[in-house]
Protein chains: 2
Amino acid sequence: MTAIAIVGAGLIGRSWAVVFARAGLSVRVWDADPAVLEHLPDDIAAMISDAGADPAIANHVTAFPTLAKALDGAEWVQENGPEKLEVKRALFADLDRLAGPEAILASSSSALMPSAWSEGLAGARRCLVAHPVNPPHLVPIVELCPSPRTAPEVMDRAEGLFRRVEQVPARLNREIEGFVLNRLQAVLLAESLRLVSEGVISVEGLDDTVRHGLGRRWAFMGPLETILLNAPGGVPDYMRRYGSMLAALTDGSARGEAFTEDAGRIVAEAFPGTDIRNRQDWRDRELAALDRHLRSRIERNN
Amino acid sequence: MTAIAIVGAGLIGRSWAVVFARAGLSVRVWDADPAVLEHLPDDIAAMISDAGADPAIANHVTAFPTLAKALDGAEWVQENGPEKLEVKRALFADLDRLAGPEAILASSSSALMPSAWSEGLAGARRCLVAHPVNPPHLVPIVELCPSPRTAPEVMDRAEGLFRRVEQVPARLNREIEGFVLNRLQAVLLAESLRLVSEGVISVEGLDDTVRHGLGRRWAFMGPLETILLNAPGGVPDYMRRYGSMLAALTDGSARGEAFTEDAGRIVAEAFPGTDIRNRQDWRDRELAALDRHLRSRIERNN
C-alpha cells in the first residue's frame, strides 16, 4: 500500500489526509505543534463526518511524533507549512535529507515558486508544487507546478497519483507566479471589484451574474469548451464573431489598481453580520453536494 | 394574465417563450420569417421535452402572423432580432409605435447599447436591454441595462417580472459596453488564451482548473462571496493578506492581444472531431441538471 506523509496538519493538511485515506492509502501525519497532533483523530473524524464519508476512512490516518517517523516509507510527501520562504527552504532541506530516495516532495504553497524553495537541494529534481483549492477533499483540482529542475518523470508520477485518488491534476509546463488558478481568479476579481466600486452593479448583482450565469457553464465545461460551443462553426467562428468585441472589452479592463481598501469595504458591507465560520461550513456542504452532483453526471455520461 | 410578446423566434426567442410560458404567462410570438412561425409549435414542444418540462406549457404559446397582432395587449416585449444597429433602430421604432402605451420594450442584445437603438424614440423611457445567457430557460441570469433615458420604474417593473418568472435579474445602474457578464468572461478568456498560447498549460488543463476548481465555488457563491469566506477576518483581512499578490498578478495579465487566430486554432485542436450540435445538446442537458441541483439546494437551505 502506498504511504503518504502529510507535513503540517492544519485545515489543508487534514483535508489532504482525508483525500489520500479515502482512496485507501496509508497516511502518516506530522505537525510541529504537538497539540495539533493530539487533536488529529477528533479533527479528522469530524471532517469525514461533515463530508458524509465513511468513518472507517480515519483508520488509514496515523499521527507520528517526529518528522523522521512520519516520513518513514512514504512515497509522497505533501507539505503544508507557513508561506514564508526561509521556513519553507529549511523544512524542505529536512524533507530532502530524511525522506526515502524515491519519495516525491510536494508543497501545497500557493505563493512561493518551487524554484525558490528547492534551489540548491540535492533532491530538487523530486520537488514540485501540488497546489489545491481549499479544502481539497471537497474540490478536486490540484495544480502541479515544476521548477526548472523538476524531473519529467516526477511530474508523471505526480499526475498518476492524483488521478488514482480521484483528484484532477492540472499540469503546468513551467513556473509562473500565481500558477493558473489564481491568475484567472485575479483578473476576474479585478474587473468585479472595479464594477462594484464604480457603482455599475451591486455586490449581490455581480455575484448573481457569475453564480446564475457564467458559473453555470464553467462548473462543468471550463471557459474554453464554453466558447467552442458558442458559435455554430466552433472556435475559429467564435473568434471571427466575438474576438474583436472581447478584445475591446479587455483592453479597458481593470488591473491591480482595483484591489483597494475601499473596494474591500464595499464588498464587506454587502454581507452585514455574516458569521464567517458558519458560512464556511455552509460553503463546504454546498461544495460536497456539488461534487456529488458533478461526479454523478460524469458517471451517467460514461 | 400578463401577456408577453416575443419578437424574433430563433433559438433565443423560443427559449424566452418557454421561460414565460412555464410561469403561466401568455406568450405571443412573431417572426419576420413565416417558416419560423410555421415550425414554432414543433420547435417549442421539442425544447420543452428536452428540458424535461410539462408539455402543457406549450399551450401558453401562440404564433401571430403580424407584429401588430403579436403586440396586442402585451405588457412586455422581448426582442431578439439581428445585432445590427440600423435593423434594431427600425424595429424598435415599429415596436414603440405599435405596442400599447404601458408596454415595456426589452432587447436581448448583447452587443448594442440601449441608448444606441432607443435614442430619439418617443418611448425611450420604456426601453432597456434584458440580456440572457443562452438558453435562458436553462440559465437564470438576465442582465438589465438601462439607457440614460430609461425610467427607474421601468427597471423596477423589469426586475419584478423576471423574479416572478423565476429568472435572476442583475440590474446595472448604467450602460457599459459588454454589460457585466461579458466583461468578466472577456478578462478570464484573455488570460486563459494567453496561458494556453504560451504553452504554460494545455487546453484541457485550463478547462479542468476552472471546472474542477474555480467554477466549483462560482457556481453557487459568485467571486465576491468567495473572497469573503477565504480569510478568517472577512474581506478586509482577505485584502490585507492577498490584495497585493492578486494586484501583481493582474498587472501582468493578458488583454485584447490574446484574442488571436493562433489562440483560436490551439483551442480548436484540443477538441478534434467534436460534433458541435451534439455537444450543445449535451451542454443543455448538463445545464438543466445543474439548475435542478442548485434550485434544490436553495429550497433545502430556506
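The chains referred to below are lettered A, B, ... by the order of the sequence lines, with proteins before strands, and numbering in each begins at 1.
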Can you label the angle between the A:Trp218 ring and the B:Trp218 ring as parallel, tilted or perpendicular, going by 30° and 60°? tilted
Is there a side-chain contact between B:Leu224 and A:Leu193 (heavy atoms, below 4.5 Å)? yes
Looking only at atom types and distance, does a side-chain atom of A:Arg255 sit under 3.5 Å from a main-chain N or O of B:Ser253, one as donor and one as acceptor? yes
Kindly indicate whether the side chain of B:Glu286, heavy atoms from C-beta on, has any atom under 4.5 Å from the side chain of A:Arg297. yes
Heavy-atom pairs under 4.5 Å with chain A, option from B:Phe179, B:Tyr238, B:Trp282 with the top count: B:Trp282
Distance-minimising heavy-atom pair for A:Ile276 and B:Ala231: CG2-O, 4.0 Å
If you count heavy-atom pairs under 4.5 Å with chain A, which of B:Glu191, B:Arg216, B:Glu143 comes out on top? B:Arg216
Chain A: which of B:Glu257, B:Arg285, B:Arg174, B:Gln280 shares the most heavy-atom pairs with it under 4.5 Å? B:Arg174
Looking at side-chain heavy atoms only, is the closest gap between A:Phe220 and B:Arg211 below 4.5 Å? no
So which of B:Pro140, B:Gly252, B:Gly178 has the largest heavy-atom pair count under 4.5 angstrom toward chain A? B:Pro140
Do the side chain of A:Asp207 and the main chain of B:Glu225 share a donor and acceptor less than 3.5 angstrom apart? yes
Keeping B:Thr250 on the side-chain end and A:Ala186 on the backbone end, is there a donor-acceptor pair under 3.5 Å? no
Are the side chain of A:Asn173 and the backbone of B:Gly199 linked by a donor-acceptor contact shorter than 3.5 Å? yes
Would a distance-only check, ignoring hydrogens and angles, find a side-chain to backbone donor-acceptor pair under 3.5 Å from A:Arg283 to B:Leu229? yes
If we define contacts as heavy-atom pairs under 4.5 Å, which of A:Val267, A:Val235, A:Val200 has the most with chain B? A:Val200
B:Ile141 and A:Leu214: CA distance, side-chain angles, deciding distance, side chain to side chain contact (heavy atoms under 4.5 Å, CB included) verdict: CA-CA 9 Å; B:Ile141 198 71; A:Leu214 286 169; over 6 Å; no
May I ask you to check whether over 12 heavy atoms, not counting those of B:Glu261, lie within 6.0 Å of atom CD? no
Return the option, out of B:Ile227, B:Val133, B:Val187, B:Leu294, with the maximum number of heavy-atom pairs under 4.5 Å with chain A. B:Val187
Among B:Thr260, B:Leu195, B:Thr226, single out the residue with the greatest number of heavy-atom pairs under 4.5 Å to chain A. B:Leu195
Chain B contact via A:Met221 - which portion, at a heavy-atom distance below 4.5 Å: both
